[in-house]
Amino acid sequence: MKRVIMLSFLSAIFIGLNPALAQTTNRPARPTPPTRDPHTSGYVTATELADGSVPPADADGNFIIGPTHTAAPELRMQPGVPQGNVYQFTMSSADSKIYPGIKRDQGTFGTPDPNDPARLIVTTSHPAPYSRRLSVYVPKQYVPGTVAPFIVGADGPDTMLFATLDNLIAEKKIPPMIAISIGNGSGDAQGSERGLEYDTMSGRYAEFVETEVLPMVEQKCHVTLTKDPDGRATMGGSSGGSCALIMAWYHPEWYHRVLTYSGTYVNQQWPSNPATPHGAWEFHEHLIPDSPAKPIRIWMEVGDRDNYNPNVMRDGMHDWVVANENMARVLAAKGYHYQFVFARNAGHTDRRVKQQTLAEALEWLWADYNPVTK
(Lines give C-alpha, C1' and ligand atoms only; values in the text may rest on other atoms or scores of the structure.)
Protein backbone atom coordinates (compact mmCIF):
# COMPACT_ATOMS: atom_id res chain seq x y z
CA MET A 1 0.00 0.00 0.00
CA LYS A 2 1.38 3.39 -0.92
CA ARG A 3 2.19 5.73 1.94
CA VAL A 4 -0.14 8.72 1.60
CA ILE A 5 1.14 11.99 3.02
CA MET A 6 -1.64 14.44 3.85
CA LEU A 7 -0.98 18.16 3.57
CA SER A 8 -3.43 21.00 4.00
CA PHE A 9 -2.89 24.19 2.07
CA LEU A 10 -4.65 27.45 1.32
CA SER A 11 -7.92 26.74 3.09
CA ALA A 12 -9.27 30.28 3.27
CA ILE A 13 -12.73 30.85 1.78
CA PHE A 14 -13.25 33.24 -1.09
CA ILE A 15 -16.54 35.14 -0.83
CA GLY A 16 -18.20 35.45 -4.24
CA LEU A 17 -20.26 38.37 -5.43
CA ASN A 18 -24.03 38.11 -5.68
CA PRO A 19 -25.09 36.95 -9.16
CA ALA A 20 -27.17 39.20 -11.35
CA LEU A 21 -30.74 38.13 -11.97
CA ALA A 22 -30.86 35.73 -14.91
CA GLN A 23 -33.30 33.46 -16.64
CA THR A 24 -33.20 29.81 -15.57
CA THR A 25 -32.89 27.37 -18.44
CA ASN A 26 -33.53 23.65 -18.01
CA ARG A 27 -31.06 21.38 -19.73
CA PRO A 28 -32.77 18.86 -22.02
CA ALA A 29 -32.12 15.13 -21.70
CA ARG A 30 -29.12 13.93 -23.66
CA PRO A 31 -29.92 11.75 -26.67
CA THR A 32 -28.47 8.24 -26.60
CA PRO A 33 -25.24 8.26 -28.64
CA PRO A 34 -25.37 6.05 -31.72
CA THR A 35 -22.77 3.30 -32.17
CA ARG A 36 -20.36 4.44 -34.86
CA ASP A 37 -18.54 2.14 -37.28
CA PRO A 38 -14.80 2.93 -37.51
CA HIS A 39 -14.91 2.08 -41.22
CA THR A 40 -17.48 4.81 -41.96
CA SER A 41 -16.80 6.78 -45.11
CA GLY A 42 -14.86 9.89 -44.22
CA TYR A 43 -13.24 8.40 -41.13
CA VAL A 44 -9.48 7.80 -41.13
CA THR A 45 -8.17 4.48 -42.40
CA ALA A 46 -7.18 2.41 -39.36
CA THR A 47 -5.60 -0.95 -38.57
CA GLU A 48 -8.06 -3.30 -36.86
CA LEU A 49 -6.31 -5.27 -34.12
CA ALA A 50 -7.23 -8.68 -32.74
CA ASP A 51 -9.77 -8.45 -29.93
CA GLY A 52 -8.03 -7.79 -26.61
CA SER A 53 -4.91 -6.35 -28.26
CA VAL A 54 -3.49 -2.84 -28.01
CA PRO A 55 -1.32 -1.02 -30.57
CA PRO A 56 2.46 -1.48 -30.54
CA ALA A 57 4.17 1.03 -28.28
CA ASP A 58 6.56 2.00 -31.09
CA ALA A 59 4.02 2.64 -33.88
CA ASP A 60 2.33 5.85 -34.99
CA GLY A 61 -1.02 5.91 -36.77
CA ASN A 62 -4.66 4.83 -36.41
CA PHE A 63 -5.84 1.63 -34.69
CA ILE A 64 -9.15 -0.08 -33.82
CA ILE A 65 -9.44 -2.12 -30.62
CA GLY A 66 -12.17 -4.07 -28.79
CA PRO A 67 -14.87 -5.10 -28.23
CA THR A 68 -13.29 -6.84 -25.21
CA HIS A 69 -11.37 -4.58 -22.85
CA THR A 70 -9.26 -6.54 -20.38
CA ALA A 71 -7.22 -4.58 -17.86
CA ALA A 72 -3.48 -4.58 -18.53
CA PRO A 73 -1.30 -6.36 -15.95
CA GLU A 74 0.54 -3.10 -15.26
CA LEU A 75 -2.53 -1.84 -13.36
CA ARG A 76 -2.11 -4.48 -10.66
CA MET A 77 0.28 -4.39 -7.73
CA GLN A 78 3.21 -6.64 -8.63
CA PRO A 79 5.39 -8.47 -6.10
CA GLY A 80 8.71 -6.75 -5.51
CA VAL A 81 7.78 -3.56 -7.40
CA PRO A 82 8.62 -0.39 -5.43
CA GLN A 83 5.60 1.79 -4.78
CA GLY A 84 5.83 5.54 -4.87
CA ASN A 85 4.58 7.95 -2.25
CA VAL A 86 1.41 9.96 -2.88
CA TYR A 87 1.12 13.44 -1.37
CA GLN A 88 -2.32 15.02 -1.07
CA PHE A 89 -3.26 18.64 -0.42
CA THR A 90 -5.83 21.28 -1.31
CA MET A 91 -5.87 24.69 -2.94
CA SER A 92 -8.42 27.46 -2.39
CA SER A 93 -9.76 29.95 -4.91
CA ALA A 94 -9.03 32.70 -2.40
CA ASP A 95 -5.33 32.25 -3.06
CA SER A 96 -5.42 32.11 -6.87
CA LYS A 97 -4.59 35.18 -8.91
CA ILE A 98 -5.65 33.42 -12.13
CA TYR A 99 -8.83 31.57 -11.13
CA PRO A 100 -10.72 33.41 -8.33
CA GLY A 101 -13.74 31.21 -9.06
CA ILE A 102 -17.06 31.11 -10.93
CA LYS A 103 -20.14 28.89 -10.78
CA ARG A 104 -23.24 28.33 -12.87
CA ASP A 105 -26.48 28.11 -10.89
CA GLN A 106 -27.64 24.57 -10.25
CA GLY A 107 -30.29 23.34 -12.68
CA THR A 108 -29.45 25.95 -15.31
CA PHE A 109 -27.52 25.77 -18.55
CA GLY A 110 -27.78 28.24 -21.41
CA THR A 111 -29.51 29.09 -24.67
CA PRO A 112 -28.14 29.18 -28.21
CA ASP A 113 -27.67 32.66 -29.63
CA PRO A 114 -30.55 33.10 -32.12
CA ASN A 115 -28.13 34.90 -34.43
CA ASP A 116 -25.37 32.28 -34.13
CA PRO A 117 -26.16 28.65 -33.19
CA ALA A 118 -22.46 28.06 -32.53
CA ARG A 119 -22.54 30.49 -29.59
CA LEU A 120 -24.17 29.67 -26.25
CA ILE A 121 -25.56 32.44 -24.07
CA VAL A 122 -25.11 31.73 -20.35
CA THR A 123 -26.67 34.24 -17.95
CA THR A 124 -26.52 32.27 -14.69
CA SER A 125 -22.75 32.17 -14.13
CA HIS A 126 -21.36 34.28 -11.31
CA PRO A 127 -18.32 34.57 -9.00
CA ALA A 128 -18.14 31.80 -6.40
CA PRO A 129 -15.47 30.17 -4.22
CA TYR A 130 -14.04 26.70 -4.74
CA SER A 131 -11.39 24.37 -3.37
CA ARG A 132 -9.53 21.73 -5.36
CA ARG A 133 -7.69 18.56 -4.41
CA LEU A 134 -4.24 17.69 -5.69
CA SER A 135 -2.43 14.36 -5.52
CA VAL A 136 1.25 14.10 -6.36
CA TYR A 137 2.93 10.76 -7.05
CA VAL A 138 6.67 10.52 -6.40
CA PRO A 139 8.30 7.24 -7.47
CA LYS A 140 10.58 5.37 -5.09
CA GLN A 141 13.32 5.72 -7.70
CA TYR A 142 13.34 9.51 -7.41
CA VAL A 143 16.63 10.80 -6.03
CA PRO A 144 16.12 13.98 -3.95
CA GLY A 145 17.82 16.99 -5.49
CA THR A 146 17.73 15.64 -9.04
CA VAL A 147 15.57 17.04 -11.82
CA ALA A 148 12.60 14.84 -12.73
CA PRO A 149 10.27 14.63 -15.74
CA PHE A 150 6.58 14.81 -14.92
CA ILE A 151 3.03 14.39 -16.18
CA VAL A 152 0.14 16.70 -15.28
CA GLY A 153 -3.34 15.16 -15.22
CA ALA A 154 -6.79 16.80 -15.10
CA ASP A 155 -9.73 15.83 -12.86
CA GLY A 156 -7.36 14.03 -10.46
CA PRO A 157 -6.53 12.21 -8.19
CA ASP A 158 -5.75 9.35 -10.60
CA THR A 159 -4.88 6.18 -8.67
CA MET A 160 -4.94 4.15 -11.91
CA LEU A 161 -2.15 6.33 -13.27
CA PHE A 162 -0.08 5.99 -10.11
CA ALA A 163 -0.30 2.19 -10.06
CA THR A 164 0.61 1.99 -13.73
CA LEU A 165 3.61 4.25 -13.23
CA ASP A 166 4.92 2.00 -10.44
CA ASN A 167 5.09 -0.97 -12.80
CA LEU A 168 6.24 0.79 -15.97
CA ILE A 169 9.04 2.57 -14.12
CA ALA A 170 10.16 -0.70 -12.53
CA GLU A 171 10.15 -2.36 -15.97
CA LYS A 172 12.21 0.58 -17.32
CA LYS A 173 9.62 1.17 -20.04
CA ILE A 174 9.32 4.82 -19.04
CA PRO A 175 11.61 7.13 -17.05
CA PRO A 176 11.00 7.66 -13.33
CA MET A 177 8.61 10.60 -13.27
CA ILE A 178 6.47 12.70 -10.99
CA ALA A 179 2.70 12.61 -11.61
CA ILE A 180 0.59 15.62 -10.62
CA SER A 181 -3.19 15.06 -10.59
CA ILE A 182 -5.04 18.37 -10.28
CA GLY A 183 -8.72 18.46 -9.34
CA ASN A 184 -10.92 20.88 -11.25
CA GLY A 185 -12.65 23.90 -9.74
CA SER A 186 -16.12 22.23 -9.94
CA GLY A 187 -19.02 22.14 -12.37
CA ASP A 188 -18.98 21.25 -16.05
CA ALA A 189 -19.32 22.94 -19.45
CA GLN A 190 -20.10 26.57 -20.22
CA GLY A 191 -20.40 28.91 -17.25
CA SER A 192 -18.68 26.58 -14.77
CA GLU A 193 -15.23 26.82 -13.24
CA ARG A 194 -14.22 23.49 -14.79
CA GLY A 195 -15.43 24.67 -18.18
CA LEU A 196 -13.53 27.93 -17.86
CA GLU A 197 -10.35 26.08 -16.95
CA TYR A 198 -10.53 23.23 -19.47
CA ASP A 199 -12.45 24.54 -22.50
CA THR A 200 -10.96 28.02 -22.86
CA MET A 201 -8.70 28.28 -25.92
CA SER A 202 -5.77 30.13 -24.39
CA GLY A 203 -2.63 29.57 -22.36
CA ARG A 204 -4.39 30.53 -19.13
CA TYR A 205 -4.68 27.09 -17.54
CA ALA A 206 -1.07 26.20 -18.38
CA GLU A 207 -0.04 29.50 -16.79
CA PHE A 208 -2.04 28.63 -13.68
CA VAL A 209 -0.24 25.29 -13.43
CA GLU A 210 3.16 26.87 -14.09
CA THR A 211 2.89 29.74 -11.61
CA GLU A 212 0.59 28.42 -8.88
CA VAL A 213 0.72 24.61 -8.90
CA LEU A 214 4.24 23.53 -9.84
CA PRO A 215 6.04 25.77 -7.29
CA MET A 216 3.75 24.39 -4.58
CA VAL A 217 4.46 20.81 -5.66
CA GLU A 218 8.21 21.38 -5.50
CA GLN A 219 7.93 22.96 -2.06
CA LYS A 220 5.49 20.54 -0.47
CA CYS A 221 6.79 17.31 -2.02
CA HIS A 222 10.52 18.14 -1.96
CA VAL A 223 11.07 17.46 -5.65
CA THR A 224 12.67 19.35 -8.52
CA LEU A 225 10.64 19.42 -11.73
CA THR A 226 12.29 19.65 -15.14
CA LYS A 227 12.04 22.80 -17.24
CA ASP A 228 12.68 20.76 -20.40
CA PRO A 229 9.41 20.62 -22.41
CA ASP A 230 10.40 17.19 -23.74
CA GLY A 231 10.25 15.93 -20.15
CA ARG A 232 6.78 17.35 -19.49
CA ALA A 233 3.47 15.69 -20.40
CA THR A 234 -0.21 16.51 -19.98
CA MET A 235 -3.18 14.13 -19.90
CA GLY A 236 -6.93 14.08 -19.35
CA GLY A 237 -10.31 12.81 -20.42
CA SER A 238 -13.22 14.66 -22.04
CA SER A 239 -12.71 18.41 -21.43
CA GLY A 240 -9.66 17.46 -19.40
CA GLY A 241 -8.32 15.93 -22.62
CA SER A 242 -8.86 19.02 -24.72
CA CYS A 243 -7.28 20.99 -21.87
CA ALA A 244 -4.22 18.76 -22.08
CA LEU A 245 -3.72 19.66 -25.74
CA ILE A 246 -4.59 23.32 -25.11
CA MET A 247 -1.76 23.48 -22.56
CA ALA A 248 0.79 22.17 -25.06
CA TRP A 249 -0.58 24.08 -28.04
CA TYR A 250 -0.43 27.51 -26.42
CA HIS A 251 2.76 26.77 -24.46
CA PRO A 252 4.89 24.32 -26.48
CA GLU A 253 7.90 25.77 -24.69
CA TRP A 254 6.53 24.00 -21.58
CA TYR A 255 4.91 20.77 -22.86
CA HIS A 256 5.64 18.38 -25.74
CA ARG A 257 3.62 15.26 -24.77
CA VAL A 258 -0.18 14.88 -24.63
CA LEU A 259 -2.46 11.93 -23.76
CA THR A 260 -6.25 12.21 -24.16
CA TYR A 261 -9.31 9.98 -23.71
CA SER A 262 -12.51 11.12 -25.49
CA GLY A 263 -11.00 14.57 -25.99
CA THR A 264 -13.59 17.35 -26.14
CA TYR A 265 -12.37 18.75 -29.44
CA VAL A 266 -15.81 20.30 -29.92
CA ASN A 267 -17.42 23.73 -29.61
CA GLN A 268 -17.66 24.14 -25.85
CA GLN A 269 -15.69 27.32 -25.12
CA TRP A 270 -17.29 30.08 -23.01
CA PRO A 271 -17.10 33.05 -23.03
CA SER A 272 -16.90 33.23 -26.80
CA ASN A 273 -13.53 34.23 -28.24
CA PRO A 274 -13.54 35.81 -31.73
CA ALA A 275 -10.05 34.40 -32.36
CA THR A 276 -11.39 30.84 -31.86
CA PRO A 277 -15.18 31.16 -32.23
CA HIS A 278 -15.69 27.38 -32.41
CA GLY A 279 -13.68 26.52 -29.30
CA ALA A 280 -11.61 23.33 -29.44
CA TRP A 281 -13.32 22.38 -32.73
CA GLU A 282 -10.90 24.96 -34.12
CA PHE A 283 -8.00 22.54 -33.56
CA HIS A 284 -8.99 20.36 -36.51
CA GLU A 285 -10.94 23.04 -38.38
CA HIS A 286 -8.23 25.71 -38.58
CA LEU A 287 -5.45 25.73 -35.98
CA ILE A 288 -3.57 22.50 -36.80
CA PRO A 289 -4.14 22.61 -40.61
CA ASP A 290 -3.21 26.29 -40.88
CA SER A 291 -0.18 26.35 -38.55
CA PRO A 292 3.35 24.99 -38.84
CA ALA A 293 3.67 21.67 -37.00
CA LYS A 294 4.53 22.11 -33.33
CA PRO A 295 6.84 19.76 -31.39
CA ILE A 296 3.91 17.91 -29.80
CA ARG A 297 3.53 14.12 -29.55
CA ILE A 298 -0.09 13.09 -28.92
CA TRP A 299 -1.91 9.87 -28.02
CA MET A 300 -5.73 9.96 -28.46
CA GLU A 301 -8.70 7.64 -27.92
CA VAL A 302 -12.41 7.77 -28.73
CA GLY A 303 -15.22 5.25 -28.15
CA ASP A 304 -17.73 4.04 -30.73
CA ARG A 305 -20.56 5.23 -28.43
CA ASP A 306 -18.88 8.48 -27.49
CA ASN A 307 -20.78 11.73 -26.90
CA TYR A 308 -23.04 13.12 -29.61
CA ASN A 309 -25.01 16.40 -29.34
CA PRO A 310 -25.08 16.36 -25.51
CA ASN A 311 -26.72 19.77 -25.02
CA VAL A 312 -29.09 22.36 -26.50
CA MET A 313 -26.70 23.45 -29.25
CA ARG A 314 -27.26 21.97 -32.69
CA ASP A 315 -24.30 23.56 -34.41
CA GLY A 316 -22.84 20.45 -36.07
CA MET A 317 -19.80 20.68 -33.80
CA HIS A 318 -20.78 18.37 -30.94
CA ASP A 319 -19.89 14.88 -32.16
CA TRP A 320 -16.92 13.57 -30.18
CA VAL A 321 -16.24 10.74 -32.62
CA VAL A 322 -16.14 13.03 -35.65
CA ALA A 323 -13.99 15.52 -33.74
CA ASN A 324 -11.39 12.90 -32.82
CA GLU A 325 -11.47 11.37 -36.31
CA ASN A 326 -10.84 14.85 -37.71
CA MET A 327 -7.99 15.32 -35.26
CA ALA A 328 -6.31 12.13 -36.49
CA ARG A 329 -6.66 13.26 -40.10
CA VAL A 330 -5.14 16.72 -39.63
CA LEU A 331 -2.34 15.46 -37.37
CA ALA A 332 -1.34 12.94 -40.04
CA ALA A 333 -1.47 15.58 -42.77
CA LYS A 334 0.89 17.84 -40.83
CA GLY A 335 3.33 15.03 -40.00
CA TYR A 336 2.78 14.87 -36.24
CA HIS A 337 3.85 11.89 -34.19
CA TYR A 338 0.50 10.60 -32.96
CA GLN A 339 -1.34 7.40 -32.11
CA PHE A 340 -5.13 7.30 -32.41
CA VAL A 341 -7.20 4.47 -30.90
CA PHE A 342 -10.84 3.91 -31.89
CA ALA A 343 -12.40 1.64 -29.24
CA ARG A 344 -15.30 -0.63 -30.08
CA ASN A 345 -17.92 -1.28 -27.38
CA ALA A 346 -16.90 1.87 -25.51
CA GLY A 347 -18.56 5.00 -24.21
CA HIS A 348 -17.29 8.42 -23.22
CA THR A 349 -14.02 8.22 -21.23
CA ASP A 350 -14.69 4.50 -20.84
CA ARG A 351 -12.92 3.20 -17.73
CA ARG A 352 -12.44 -0.29 -19.18
CA VAL A 353 -10.67 1.14 -22.21
CA LYS A 354 -8.38 3.20 -20.01
CA GLN A 355 -7.56 0.10 -17.95
CA GLN A 356 -6.69 -1.74 -21.13
CA THR A 357 -4.67 0.98 -22.87
CA LEU A 358 -3.09 3.32 -20.31
CA ALA A 359 0.15 1.36 -19.93
CA GLU A 360 0.71 1.14 -23.69
CA ALA A 361 -0.27 4.79 -24.13
CA LEU A 362 2.28 5.95 -21.56
CA GLU A 363 5.00 3.77 -23.06
CA TRP A 364 4.27 5.16 -26.55
CA LEU A 365 4.10 8.72 -25.22
CA TRP A 366 7.61 8.55 -23.71
CA ALA A 367 9.22 6.26 -26.31
CA ASP A 368 11.56 8.92 -27.75
CA TYR A 369 12.46 10.64 -24.49
CA ASN A 370 16.11 11.54 -23.94
CA PRO A 371 16.64 13.53 -20.74
CA VAL A 372 18.63 16.72 -20.93
CA THR A 373 21.91 16.34 -19.07
CA LYS A 374 23.93 19.28 -17.83
What do the steps show when you test Gln268 against Asp199 for side chain to side chain donor-acceptor pair (under 3.5 Å), and what is the final call?
CA-CA 6 Å; Gln268 196 157 288; Asp199 296 319; 3.2 Å; yes
Criterion side chain to side chain donor-acceptor pair (under 3.5 Å) on His318 and Asn309, from CA distance to verdict:
CA-CA 5 Å; His318 278 85; Asn309 272 350; 5.1 Å; no
So Arg36 and Tyr308, side-chain contact (heavy atoms from CB on, under 4.5 Å) or not? Walk me through it.
CA-CA 10 Å; Arg36 266 62 68 84; Tyr308 179 74; 3.9 Å; yes
Show the numbers, then the answer: is there a salt bridge (charged side-chain N to carboxylate O under 4.0 Å, His left out) between Glu197 and Arg204?
CA-CA 8 Å; Glu197 294 169 9; Arg204 189 179 183 188; over 6 Å; no
Output, in order, the C-alpha distance, side-chain angles, deciding distance and verdict of side-chain contact (heavy atoms from CB on, under 4.5 Å) for Tyr261 and His348.
CA-CA 8 Å; Tyr261 285 92; His348 187 64; over 6 Å; no
Pair Val136, Phe89 - check side-chain contact (heavy atoms from CB on, under 4.5 Å), show working.
CA-CA 9 Å; Val136 180; Phe89 48 98; 3.9 Å; yes
For Phe342 and Ile65: C-alpha separation, side-chain torsions, deciding distance, then whether side-chain contact (heavy atoms from CB on, under 4.5 Å) applies.
CA-CA 6 Å; Phe342 184 106; Ile65 66 169; over 6 Å; no
Pair His251-Trp254, ring-ring contact (aromatic ring centres under 6.0 Å, His included): steps then yes or no
CA-CA 5 Å; His251 283 291; Trp254 290 342; 4.0 Å; yes
Verdict with supporting geometry, Thr35 and Asp304, side chain to side chain donor-acceptor pair (under 3.5 Å):
CA-CA 5 Å; Thr35 300; Asp304 63 353; 5.1 Å; no
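Using cut-offs of 30° and 60° for the angle between ring planes, the Tyr137 and Phe162 rings count as parallel. Ring-plane geometry between His284 and Trp281 is classed as perpendicular, the angle between the planes exceeding 60 degrees on a 0 to 90 degree scale with a lower cut at 30. Relative ring orientation between Tyr198 and Tyr205 is described as perpendicular, the plane-to-plane angle rising above 60° on a 0-90° scale split at 30° and 60°.
Of the candidates Leu331, Val258, Val330, Tyr338 forms a side-chain contact (heavy atoms from CB on, under 4.5 Å) with just one, namely Leu331. With Phe340 as reference, Glu325 is the one residue of Arg329, Glu301, Glu325 to meet the side-chain contact (heavy atoms from CB on, under 4.5 Å) rule.
In summary, Asp188 and Arg194 engage in a salt bridge, as defined by a charged side-chain N under 4.0 Å from a carboxylate O. Electrostatic pairing of Glu48 and Arg344 counts as a salt bridge here, judged by a charged N lying under 4.0 Å from a carboxylate O. Ionic pairing of Glu210 and Arg232 is present here: one or more N-O contacts between side-chain nitrogen and carboxylate oxygen are shorter than 4.0 angstrom. A salt bridge is defined here as a Lys NZ or Arg NE, NH1 or NH2 lying under 4.0 Å from an Asp or Glu carboxylate O, and Asp368 with Arg257 meets this definition. We find that Glu207 and Lys97 are not joined by a salt bridge, their nearest charged nitrogen and carboxylate oxygen being 4.0 Å or further apart.
Without hydrogens or angle criteria, Arg132 side chain to Gly183 main chain gives a donor-acceptor distance under 3.5 Å. With Arg104 contributing its side chain and Thr108 its backbone, the two residues share a donor-acceptor pair below 3.5 Å. Within the 3.5 Å criterion, the main-chain N or O of Gly279 finds no donor-acceptor partner in the side chain of Thr276. Under the 3.5 Å distance criterion, the side-chain polar atoms of Ser96 are left unmatched by any main-chain donor or acceptor of Ser93. Under a 3.5 Å cut-off, the side chain of Asn345 and the backbone N or O of Pro67 do form a donor-acceptor pair. Side chain of Lys294 to main chain of Trp249: a donor-acceptor pair is present (N/O by atom type, distance under 3.5 Å, no hydrogens or angles). Without hydrogens or angle criteria, Glu193 side chain to Ile102 main chain gives a donor-acceptor distance under 3.5 Å. In this structure, Gln339 contributes its side chain and Ala59 its backbone to a donor-acceptor pair below 3.5 Å. With Thr264 contributing its side chain and Ser238 its backbone, the two residues share a donor-acceptor pair below 3.5 Å. Although no hydrogens or angles enter the test, the distance criterion places no donor-acceptor pair under 3.5 Å between the side chain of Tyr336 and the main chain of Ile288.
Looking at Asn267 and His278, their side chains never bring a donor and an acceptor atom within 3.5 Å of each other. A donor and an acceptor atom, one from each side chain of His126 and Asp105, are located under 3.5 Å apart. Side-chain N/O atoms of Ser181 and Ser135 include no donor and acceptor closer than 3.5 Å. Using modelled atom types, one finds a donor on one side chain and an acceptor on the other under 3.5 Å when comparing Asp60 with Trp364. In this structure, a donor-acceptor pair under 3.5 Å is absent between the side chains of Thr70 and Gln356.
Taking all atoms of both residues into account, the shortest heavy-atom contact from Ala57 to Ala367 is O-CB, 4.1 Å. Shown here for Trp270 and Gly191, the closest heavy-atom pair between the two residues is CE3-N, 3.4 Å. Shown here for Leu287 and Ser291, the closest heavy-atom pair between the two residues is O-OG, 2.6 Å. Met235 and Asp158 get closest at one heavy-atom pair: CE-OD2, 4.0 Å. Closest approach of Ala244 and Thr260 over heavy atoms only: CB-CG2, 4.4 Å. The shortest non-hydrogen separation linking Pro289 to Lys334 is O-NZ, 3.4 Å.
Side-chain contact check for Pro149 versus Trp366: some heavy-atom pair is nearer than 4.5 Å. You'll find the side chain of Leu214 stays beyond 4.5 Å of the side chain of Glu218, heavy atoms only. Within the 4.5 Å cutoff, the side chain of Val122 has no heavy atoms near those of the Phe109 side chain. Annotation: side chain of Pro55 is in contact with side chain of Val341 (closest heavy-atom distance under 4.5 Å). Inter-residue side-chain proximity for Val54 and Leu49 is flagged as unmet; no heavy-atom pair is nearer than 4.5 Å. A heavy-atom distance below 4.5 Å is not found between the side chains of Pro139 and Met177. Residues Met247 and Val209 are in side-chain contact: their nearest non-hydrogen atoms beyond the backbone lie under 4.5 Å apart. Looking at Ile151 and Thr234, their side chains never come closer than 4.5 Å, going by heavy atoms from C-beta outward.
Rounding to the nearest 0.5 Å places CH2 of Trp299 at 13.0 Å from CD of Glu363. Residue Thr357 holds its OG1 atom at 9.5 Å from CG of Asp350, rounded to the nearest 0.5 Å. To the nearest 0.5 Å, atoms CD1 (Ile121) and CD (Gln190) are separated by 12.0 Å. To the nearest 0.5 angstrom, Ser262 atom OG is 11.5 Å from Met300 atom CE.
By the ring pair (Phe, Tyr, Trp, His ring centres under 6.0 Å) test, His69 pairs with no residue at all, sequence neighbours left out.
Note on Met327: it clusters hydrophobically with Val302, by side-chain heavy-atom contacts below 4.5 Å among ILVMFWY residues.
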